[in-house]
Amino acid sequence: MLSISNLGITFTQYDQGLRRKQLTVITDLDLTIQAGEVVAVMGASGSGKSLLAHALLGILPDNAQLSGTMEFQGEPLTPKRCEALRGKAIALIPQSVGYLDPLMTVGRQVQRVGQLNGLSSGAARTLANRTFARYDLPPTTRQRYPFQLSGGMARRVLVSTAVLTQAQLVIADEPTPGLHPDVVTETLNHLRELAREGRGVMLITHDIEAALQVADRVAVFYAGTTVEIAAAEDFARGNLRHPYTQALWRSLPQNDFVPVPGNQPSPENLPVGCLYRDRCAWVTSECEQARPELRFVRQGWVRCIHAER
Amino acid sequence: MDMQLRSVFTFVARKLLRLGLLLLAVAIFTFVLLSLSPIDPVQAYIGADMMQISSEQRQLIAERWGLDQPMIIRFWDWLGQLVQGNWGTSMVFNQPVSEVIASRFWVSLPMLAIAWLLSGILGLGLGILSGALAGSWIDRVVRLYAYTLASSPTFWVALLLLIVFSVALRVTPICCAAPPGILAADVTLWQHLHHLLLPAIALSIIGIANIALHTRQKLIDVLHSDYILFARAQGESLWGVVRHHGFRNLILPALTLQFASLSELFGGSVLVEQVFAYPGLGAATVQAALRSDVPLLVGIVFFSALFVYTGNTLADLTYPIVDPRIRLGGWQT
């Protein structure tokens, strides 16, 4: 349903005075999502997760240029098509209650989503009420303002905004941090439910445990590139291909609890060759030659020339 | 309900207490300043006939008025009279000060109201337009206009308007609040409007720039917020975003600014009325100051303090109406 290959995002910035500077924040990013599937997009902050979401919705700032291809339901996602599809075929579940208008009741805001999807204001209100009921939000919630919602209620309101649409692709941007474990499980179950309805779900997160709890496949981003796309079971089975993914897995408290040394390179000075080589235990002189291609190894995709070991 | 009534009561009580303190402070400052000023009350009262009275007679008047008393006693005497409603008699108009202020204010009020509404509505409109289209040529034109006007003195703008519309084009009258030689009772509504139009426009032009620039900046901030990003992701267009989310988020600072601008409006009216010879409260202020009419000047000082304070209180009142976070802040689940 969604297929992204070799996506690049470059920002043009003005450095001191009028000197222009090109800042490439995403290079060679690949990802596919099928209908009915939850794909977790995982990576540290600054690895390009949220930018990918914004690119799919066509809401990147004006100074961003895209390269590579994004295809949605078999047709390329041009800026014009993004504009037509956003909020209708592609919906976003944002990070926090800060993404709701602070001065508008949540009922009005959810109703507005229905109206933007072509419903009359009456029909949109009915649908909003039904959606609130589906998520056990009491009827009084409609009159509430965002600042009056508890963390769990806010999450359910934000999910409602996407459920209301007919979107085939739902992008959930960091829906879990800072929440009570019960609310995390509840939110992840809501995402699973959306996939069961036949929608594709992209779960953007840096929480490996949350990702593995719900995802079918996990795409690992590093410094704006996809380093590995693995099935969720591959993690527990020890079938991981990329050294970065393996290091992340080992860093979990219930595993070896070893931190990954070093930092992600900043987009201002990306190394030549493999982006991970300065932190990699497997590094050889070959790694400095060129960026590795994405290859199919043991039923998964990986961007590492030593993945077979 | 009971709680609400009580909070309204505390609000009013607090506001009145503050107003009392403010007026007391104004009274002290005005009294001290005028006592130390070179204006001799006896001379100001007698005027040109000063040469014809002897120094004994002057002494007698000063004693009769209590001018030989120390400042603190004079202040209490004066304050006591003021509280009882005796604001004194204006020497220029030979009328009680309260009557002069009331009649002059009614002449100024329509002009002030029109200027206030015009600058508010046009400023808001231009600000939204240039904020939503920030960086476009429309935005540049609005900004150029706003910066130019924000840096031009009020009286100069008033003079230019007078030269263009009254002298060159002859579409507006050159002075006053009504055509000369007509009884006040016979002046038609249209003649009233015709005469106050140009002063009102001159007064509003300055206000527009202020409101427009603030609204523009606020809208740009709003448009860069997370909730606008989300609204865009939901498929909202630029004008949909401005209409449904931008407006409600920028109206609060705009209203605050608009009510707070009452003080500038009042100050501006002094200059504008002078240029257009419009017989309102602003012109009376100038006359009172030039001819050492101390009672009238003090009266106007008090009145303007009250006027500005009312404006700020109205701004305070709009907060809970517009912003639910203030209205419902105490009420949580």
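The figures here come from the full heavy-atom set of this structure, side chains too, leaving out hydrogens, waters and symmetry mates. Letters go in sequence order (proteins before strands), and every chain restarts at 1. Keep in mind that what you see is a predicted model, and the values were worked out from it rather than measured.
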Distance, nearest 0.5 Å, that separates CG of B:D316 from OG1 of B:T256: 8.5 Å
Whether A:Y135 and A:H190 hold their rings parallel, tilted or perpendicular, with breakpoints at 30° and 60°: perpendicular
Part of A:P61 within contact of chain B (heavy atom distance under 4.5 Å): neither
Which portion of B:H224 sits near chain A, non-hydrogen atoms under 4.5 angstrom: neither
Ring center gap for A:Y99 and B:Y227 short of 6.0 angstrom: no
Residue selection (most heavy-atom pairs with chain B, distance under 4.5 Å) from A:V113, A:L92, A:D101: A:D101
Part of A:T165 within contact of chain B (heavy atom distance under 4.5 Å): neither
Inter-residue atom distance B:I114.CD1 - B:L197.CG, 0.5 Å rounding: 7.0 Å
Winner by heavy-atom pair count (cut-off under 4.5 Å) against chain B, out of A:H54, A:R112, A:K88: A:R112
Most contacts with chain B, counted as non-hydrogen pairs under 4.5 angstrom, among A:I59, A:D173, A:L57: A:I59
Intermediate values then yes/no, salt bridge (charged side-chain N to carboxylate O under 4.0 Å, His left out), A:E197 and A:R134: CA-CA 14 Å; A:E197 289 171 6; A:R134 168 175 167 181; 2.7 Å; yes
